[in-house]
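Down below is the structure, laid out as structure tokens.
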Number of protein chains: 2
Amino acid sequence: MTINPGAAEFPHRQIAAQLRARIHRGDWAPGERLPSIPSLATQFGVAKQTVQRTIDQLRIEGLLITRPGSGTFVRGTKRRMNRLSRGRYGAERGYHAELAARYRQHLMQVGAMPCPPDVAEAFGIDVGVHLLVRRHLVRTGDAPVEVGASWFRPADVRGTSIERPDVFDRPLYQEVEAETGRRYTSARDQVSARLPTREEAELLQIRPDTPVLVLLHIAYDAEHKPIEVAQAAWPGPMTSLTEEYKIPGVRPGLPTDEPDLALG
Amino acid sequence: MTINPGAAEFPHRQIAAQLRARIHRGDWAPGERLPSIPSLATQFGVAKQTVQRTIDQLRIEGLLITRPGSGTFVRGTKRRMNRLSRGRYGAERGYHAELAARYRQHLMQVGAMPCPPDVAEAFGIDVGVHLLVRRHLVRTGDAPVEVGASWFRPADVRGTSIERPDVFDRPLYQEVEAETGRRYTSARDQVSARLPTREEAELLQIRPDTPVLVLLHIAYDAEHKPIEVAQAAWPGPMTSLTEEYKIPGVRPGLPTDEPDLALG
DNA sequence: TTGCATTTGTACGTATGTATC
DNA sequence: GGATACATACGTACAAATGCA
């Protein structure tokens, strides 16, 4: 537990590296409490502020959870696996029926709300226009793991079960198809990382400076008009999205104009 | 430009919110310099350290770029769009031939290197085993936008063009298929957000505390043995990955056991 | 219930180092 | 070389939350 103040790396980075290594090595089990910040400061021979800065960084990285008045704790196992929303429809469309049983998915709100920029752009409307939104929170055991919202144009779902706070016994998209007669034909997924909104941070029980992984999912009907725009957010450092798929055989085709992933 | 020290929000958060709003409103154009930190401190009536803390946060969020001795600058708000690697093989397999022309993709290294944990797990080998790696860097104009690496088992590509530092006139996976006789049959993508390695941060010209969006791509042959494991990283807050696809019709199928995305 | 010690979180002033112009 | 600007560390002080006696 020593720090070299003259080294190229700043003390707070050296300490961060040491703590990271010890956490990965298992010196403290998930959920276990680290020594207090003043105690670490004397152990490392630095000022309290310097250790505080280290802790701030490791918290943003998602390794630590801090509770004022209580202590600093190692976050539980990294990596929850989720599928990208393509899996929502599945290679086998419809297998999601028992999803509610495996997760504790909680329908939080059904009603009209002004839409955020992402959703507005997807629908091609102005920001702040009121849409119908169904918001949910997913928990595993105690911990919240996903906050999500599905947005619809009010005219599209007026008088249907979608605008009522009902919990359905089939996936939402199947309910929408049955109630509106429009079929989910294609979709567009957009993944990015950003800081959470204040509300997202509260619901996910993370701090506002911990990044979240965000998926914007736009579902289109046969005329390529948006039926539903869904947003989902997970605690960033803890989550990874996975997807598996077949690679098609060689077929001639046209090049596209969009920027593309290089990968080799 | 005033701060309320008695409010519920801490001063450094209040200042962050104000600066965020002004940047989004366009008070400073992308690339433009903000007032110096001491100057902002006197304007807001707080200590220099408090503004410094605000700037640290906005830099991690990706809004600002700081250059010691020079100043604090607004990062371009442009979102670069990339496709998920499924697009690598395309609905039209093979259109990637002209990709190298559209981007300035630079082959940085071809040789043996000890593999990182992600790649080891994908191949089912131990961490640190030496694999053949082809690493590249993609630039648009001046700015680096993607660092990537493709990993192979040495035995799989021994004596082929893959282990030579050649630039091919077709996509890498086509070269591999032609040289090894194995066909890319299925793949698995895994997206997550994390802090960059030291090297990634240098190559992407971002700070080590700015998160990156990472894609791990595993390509399998007909026997579901990994042929290639590719990793790509982009500056997180600036990038979003998109994908479009058709939604299949209703077909009965078996439920799977994997945790899944809820989304409604 | 009250009171007190502990712990995290923030702010401030000062000092020093380093990079840029 | 000098001025400017960002980056870090240290010590002190105080606030808020927690836990325990």
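Here is the naming used below: chain letters follow the sequence lines, and residue numbers restart at 1 for every chain. Please read all numbers here as calculations on a predicted model, not as lab measurements.
Which of D:dG11, C:dG9, D:dT8 sits closest to the side chain of A:Ile55 comes down to C:dG9. For A:Ser36, the listed nucleotide lying nearest its side chain is C:dT8; candidates were C:dT8, C:dT20, C:dA15. Picking from D:dA13, D:dA9, D:dC6 the nucleotide with the shortest atom distance to the side chain of A:Lys48 gives D:dA13. Relative to the side chain of A:Phe10, the nucleotides C:dT10, C:dC12, D:dT8 differ in distance, and D:dT8 lies closest. For B:Thr72, the listed nucleotide lying nearest its side chain is D:dC6; candidates were D:dT8, C:dT7, D:dC6.
Between B:Gln52 atom CD and C:dT16 atom C1' there is a gap of 14 Å when expressed in whole angstrom units. Put simply, CZ on B:Arg13 is 15 Å from P on D:dA16, counting in whole angstrom units. Per the geometry, CG belonging to A:Asp56 stands 14 Å off C1' belonging to D:dT8, to the nearest Å.
Shown are A:Arg135, A:Glu228, A:Arg134, A:Gln231; of these, the side-chain hydrogen bond (donor to acceptor under 3.5 Å, both in side chains) with A:Ser150 is made only by A:Glu228.
Side chain of A:Ser70 to main chain of A:Thr66: no donor-acceptor pair is present (N/O by atom type, distance under 3.5 Å, no hydrogens or angles). Looking only at distances, no side-chain donor or acceptor of A:Gln43 sits under 3.5 Å from a matching main-chain atom of A:Leu40.
At D:dA16, none of the side-chain N or O atoms of A:Arg67 fall inside 4.0 Å of OP1 or OP2 (strictly under the cut-off). Considering only side-chain N and O atoms, B:Arg53 lies nowhere under 4.0 angstrom from the phosphate OP1 or OP2 of C:dC12. Contact annotation: B:Thr50 side-chain N/O to C:dC12 OP1/OP2 distance is under 4.0 Å. Phosphate contact (OP1/OP2 of C:dG9, side-chain N/O of A:Thr66, threshold under 4.0 Å): present. Dashed line: the shortest gap from a side-chain N or O of A:Ser70 to OP1 or OP2 of C:dT8 is not under 4.0 Å. Put simply, A:Gln49 has no side-chain N or O that comes within less than 4.0 Å of OP1 or OP2 on D:dC10.
Side chains of B:Gln57 and B:Glu61: a donor-acceptor N/O pair is present below 3.5 angstrom, by distance only.
Between B:Asp56 and A:Arg53 a salt bridge is recorded (basic side-chain N to carboxylate O distance below 4.0 Å).
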